[in-house]
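These notes concern the structure reproduced below.
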Amino acid sequence: MMNMPPLDLDTAMDVAMDAVRAGCSVLAEGSKRLERLGKTSKSPGDVSTEIDRLAESAILGRIRETFPSHAAVGEESGASGQSPFRWIVDPLDGTMNYIRGLPYYGVSVALQEHDTVVLGVVADPEREEFFTAIRGRGAFCNNKRIQVSRCPRLDEAVVGTVVPPPKWPGLDNYLEMFCRVARNAAAVRRAGAAALDLAYVASGRLDAFFVLSLKTWDVAAGSLLVTEAGGAIADIDGRPDPLETNRLVAATPGVLPQLLFTLRNVSG
């Protein structure tokens with residue numbers, strides 16, 4: 001693989017924001033014709049629409065205008081290209097919410113350099129909130145710095161999660177975890193869009209989040225937001241890279257060890 005010049009992350013962020021706004025525009029237009037959207041069932045409880053595909057095309061199109069040699073992976077189109085730089089795109093996180101008119105869904109774009117996420121954007125089109133982070137520079141919402149909450153204990157924490165689809169093979173194990181967390185946390189919330197849940201941990205609206213069943217595009221950008229906002233992420237089973245296993249916990253530093261202990265007592 002040939003060497004590539006260093007990447008200007010400020011330029012990359014400008015491109016990412018332009019691409020995310022293009023995706024949000026597609027979603028806004030699609031929301032006017034929800035009853036006519038063509039839907040495809042990937043599996044029970046997991047759907048895709050023509051809007052997912054159109055939004056991803058718009059996002060990747062904007063990125064490739066500036067970075068044609070970069071690799072990319074999208075939820076709808078899969079992987080393409082070979083490069084030290086890889087864009088990770090979820091054009092519509094929370095598709096089920098979107099097609100039902102529930103106003104909690106998002107757009108997620110991250111950039112990896114080699115295996116390290118260096119940039120992330122999560123957008124909430126309904127609230128016109130744009131959560132952004134560049135590695136080493138902090139996390140922001142609409143250009144205002146954000147931080148995780150100061151919650152020190154699991155029994156004071158509001159914890160977000162994503163319930164796996166009904167046919168997912170690890171569902172029973174997840175439900176055991178859910179029950180243990182529900183018995184030990186102050187509250188558990190399941191809103192239906194993991195990228196936004198992670199952005200909410202970064203901004204202190206949630207104190208923690210855990211998930212077992214998602215993919216890298218669901219959590220890459222949001223995980224960077226959390227760490228840049230002073231939080232921490234970990235793999236439930238203690239493996240080195242939670243973005244590869246997708247058995248992810250994100251939380252304030254005080255809550256993380258207690259939440260991991262609670263989850264690991266179930267996962268074995």
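One is the number of the first residue; the rest follow in order along the sequence. Heavy-atom basis, side chains included; hydrogens, waters and symmetry copies ignored.
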All side chain to side chain contact (heavy atoms under 4.5 Å, CB included) counterparts of [X], not counting sequence neighbours:
{"X": "Glu156", "result": "Cys151, Pro152, Arg153"}
{"X": "Ala28", "result": "none"}
{"X": "Ala186", "result": "none"}

Sequence neighbours excluded, the answer for side chain to side chain donor-acceptor pair (under 3.5 Å) partners of Asp8 is Thr11
Residue list, side chain to side chain donor-acceptor pair (under 3.5 Å) with Arg64, at least two apart or on another chain: Ser80
[X] side chain vs [Y] backbone, donor-acceptor pair below 3.5 Å:
{"X": "Ser57", "Y": "Arg53", "answer": "no"}
{"X": "Glu228", "Y": "Ala133", "answer": "no"}
{"X": "Arg180", "Y": "Thr262", "answer": "yes"}
{"X": "Ser223", "Y": "Ala220", "answer": "no"}
{"X": "Asp93", "Y": "Ala195", "answer": "yes"}
{"X": "Asn142", "Y": "Phe130", "answer": "yes"}

For [X], check salt bridge (charged side-chain N to carboxylate O under 4.0 Å, His left out) against everything at least two apart and list the hits.
{"X": "Asp235", "result": "none"}
{"X": "Arg137", "result": "Asp10"}
{"X": "Arg189", "result": "none"}
{"X": "Arg62", "result": "Asp18"}

Identify every side-chain donor-acceptor pair in residues 101-117 under 3.5 Å, counting partners at least two apart or on other chains, and give the distances.
{"residue": "Tyr104", "atom": "OH", "partner": "Asp197", "partner atom": "N", "Å": "3.4"}
{"residue": "Tyr104", "atom": "OH", "partner": "Asp197", "partner atom": "OD1", "Å": "2.7"}
{"residue": "Tyr105", "atom": "OH", "partner": "Glu126", "partner atom": "OE2", "Å": "2.7"}
{"residue": "Gln112", "atom": "OE1", "partner": "Arg86", "partner atom": "NE", "Å": "3.0"}
{"residue": "Gln112", "atom": "OE1", "partner": "Arg86", "partner atom": "NH2", "Å": "2.9"}

Apply side-chain contact (heavy atoms from CB on, under 4.5 Å) to Leu198 and Leu225, showing your working. CA-CA 7 Å; Leu198 287 164; Leu225 289 171; 5.9 Å; no
Would you say [X] and [Y] are hydrophobically clustered, going by side-chain heavy atoms of ILVMFWY under 4.5 Å?
{"X": "Val226", "Y": "Val188", "answer": "no"}
{"X": "Ile233", "Y": "Ile88", "answer": "no"}
{"X": "Val148", "Y": "Leu154", "answer": "no"}

Please evaluate residues Thr227 and Leu224 with respect to the criterion side-chain contact (heavy atoms from CB on, under 4.5 Å), reporting the C-alpha separation (whole Å), side-chain torsions for both, the decisive distance (0.1 Å), and the verdict. CA-CA 5 Å; Thr227 56; Leu224 182 63; 4.0 Å; yes
Connected-component partners of Phe140 among ILVMFWY, side-chain separation under 4.5 Å: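 Once heavy-atom contacts under 4.5 Å are chained together, Phe140 still belongs with nothing else.
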Can you give me every donor-acceptor pair (side chain of residues 204-217, partner residue at least two apart or in another chain, under 3.5 Å) with its distance?
{"residue": "Arg205", "atom": "NH1", "partner": "Glu129", "partner atom": "OE1", "Å": "3.0"}
{"residue": "Arg205", "atom": "NH1", "partner": "Tyr200", "partner atom": "OH", "Å": "3.4"}
{"residue": "Arg205", "atom": "NH2", "partner": "Glu129", "partner atom": "OE2", "Å": "2.8"}
{"residue": "Asp207", "atom": "OD1", "partner": "Ser149", "partner atom": "OG", "Å": "2.5"}
{"residue": "Asp207", "atom": "OD2", "partner": "Val158", "partner atom": "N", "Å": "2.8"}
{"residue": "Thr216", "atom": "OG1", "partner": "Leu243", "partner atom": "O", "Å": "2.9"}

Anything under 30° is parallel, anything over 60° is perpendicular, the rest tilted; go ahead and classify Phe178 against Tyr174.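 Answer is tilted, since the angle falls between 30° and 60°.
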